[in-house]
Amino acid sequence: MAVPNTKDWRAPLMSAVCYRDPKAALKFLEAAFGFELSMLIEDDQGNVAHSEMRFGDAVVMVGSEWSDDHKSPASIGGKNTQTVHIQIDTDVDAHCERARKASFEILVEPADQFYGDRTYRCRDPEGHIWTVAQTVQAVSREEAEQASGLKITGWI
Amino acid sequence: MTSKVYVALRVKATPQRAFAVFTEEIGAWWRPSGLFQTTPRAPGALAFADGRLTETLANGKVFEIGKVLAWEPPERLVFSWRQANFPPDLHTEVEVCFEAVGDETRVSVEHRGFHQVPAGSAARHGFPDHALLARLAEYWQAQLRSVGARAELR
């Protein structure tokens, strides 16, 4: 069945994040990060069956604890086994303030990193940890190795 | 409670333009799909007129997809939705919103009640609720991409 305009704009790697209350998460993720709801499917009980929020040409899927193997940090003692990294190209400090106003806990305030990014780290109301970064200066591999003492491969 | 399928897309156009294209040019941008057939015939031409959303088939017959329930240009439009393969008493509802965001418009569609299509109905294609609603979301996403592309033409 040919349907025109079906080219998928979504970046091919997507995170699906689990929440006890995914509807609340849709609201606080929009408030904190400006993610925009692009798809929401609710069953006849009002439960979230699927949702996607758009950020640039990426999406994050915001879902419920839909199986015994899918849990919010709020249900497993706050532990994270995966975190999502957000790369932005403007004012990371303002981004941090917006997250703070949306009741996200700022775990690490914005700070310049040896690899040329300025980053902060925050925790959302259900315990998911998010890192946000803005590149603020061009750093060569040699400079980064010197600054960090690390051996770096794959640096363009 | 009823099921809801919601999809949204940013369109580079004003709400006025997006609303006008959605309603006045639906015959041009609508994308028929074999999964959500409005009638068993070849797809016809859709139009909003006289408080109805209709499809005029090649043989001249007019099928009423729904009635306009709210007409609030350029912000909101609600219409009922039924396909010829629905049971006679089944009506679902579609709400379309046009929200200005900077110099763009966020066009959203919420289709409510589609889970009521009974098991065994041709309109369900054997899908359980979740799969049916996911396909419906993809269907509306394709429609939004099409209306968006047309609204961005000037």
Side-chain angles (χ1 to χ4, degrees), chain A residues 1-12 14 16 18-19 21-27 29-67 70 88-91 94-95 98, chain B residues 1-11 28-37 43 92 95 97 99 101-102 104-118 125 127-152:
Chain A
M1 181 175 13
V3 180
N5 298 315
T6 50
K7 187 176 185 324
D8 195 342
W9 52 266
R10 301 175 304 176
M14 308 170 210
C18 297
Y19 288 91
D21 185 349
K23 285 187 186 170
L26 294 173
K27 294 230 172 0
L29 291 172
E30 180 175 5
F33 298 150
F35 294 174
E36 281 193 13
L37 186 62
S38 59
M39 187 195 283
L40 172 62
I41 301 175
E42 292 179 33
D43 66 19
D44 59 349
Q45 306 300 310
N47 299 312
V48 173
H50 181 76
S51 82
E52 297 181 12
M53 299 191 86
R54 181 169 184 165
F55 185 68
D57 282 341
V59 296
V60 59
M61 298 175 179
V62 174
S64 61
E65 296 181 316
W66 58 277
S67 87
H70 293 83
I88 58 176
D89 53 14
T90 54
D91 206 339
H95 196 279
R98 181 173 173 168
Chain B
M1 296 282 258
T2 189
S3 65
K4 291 180 190 174
V5 165
Y6 171 99
V7 295
L9 185 70
R10 289 262 205 125
V11 172
W29 61 260
W30 187 257
R31 297 289 174 260
S33 159
L35 269 187
F36 297 99
Q37 282 184 308
T92 67
E95 177 169 8
C97 291
E99 178 196 354
V101 183
E104 298 182 334
T105 298
R106 196 153 176 273
V107 185
S108 65
V109 169
E110 184 169 289
H111 196 152
R112 298 184 278 260
F114 213 88
H115 73 286
Q116 302 169 92
V117 174
H125 306 278
F127 286 135
D129 278 0
H130 192 159
L132 180 70
L133 299 179
R135 295 292 90 73
L136 184 65
E138 289 165 2
Y139 172 67
W140 280 111
Q141 280 185 319
Q143 304 297 357
L144 278 186
R145 282 193 294 271
S146 184
V147 74
R150 190 165 178 92
E152 288 172 5

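All values reported here derive from a predicted model rather than from experimental measurement. Numbered from 1 within each chain, the chains take letters A, B, ... in sequence-line order.
Interatomic distance, A/Leu26 CG to B/Tyr6 OH, rounded to the nearest 0.5 Å: 10.0 Å. A distance of 13.5 Å separates OG of B/Ser108 from CE of A/Met39, quoted to the nearest 0.5 Å. Put simply, OG on B/Ser3 and CG on A/Asp44 are 6.5 Å apart, with the number rounded to the nearest 0.5 Å.
Within 6.0 Å of CH2 on A/Trp66 lie no more than 12 heavy atoms contributed by other residues, nucleotides or ligands.
Closest approach of A/Ile41 to B/Ala134, counting heavy atoms only: CD1-CA, 3.5 Å. Scanning both residues, B/Gln141 and A/Ser38, for their nearest heavy atoms gives NE2-O, 4.1 Å. The two residues B/Met1 and A/Gln45 make their nearest non-hydrogen contact at CE-O, 3.1 Å.
Residue contact with chain A, scored on non-hydrogen atoms closer than 4.5 Å, is absent for B/Arg112.
Top candidate by heavy-atom pairs under 4.5 Å with chain A, chosen from B/Leu9, B/Thr2, B/Leu144, is B/Thr2. Heavy-atom pairs under 4.5 Å with chain A were tallied for B/Glu138, B/Arg106, B/Gln116; the largest tally goes to B/Arg106.
Side-chain atoms of B/His130 and A/His50, non-hydrogen and from C-beta on, do get closer than 4.5 Å to each other.
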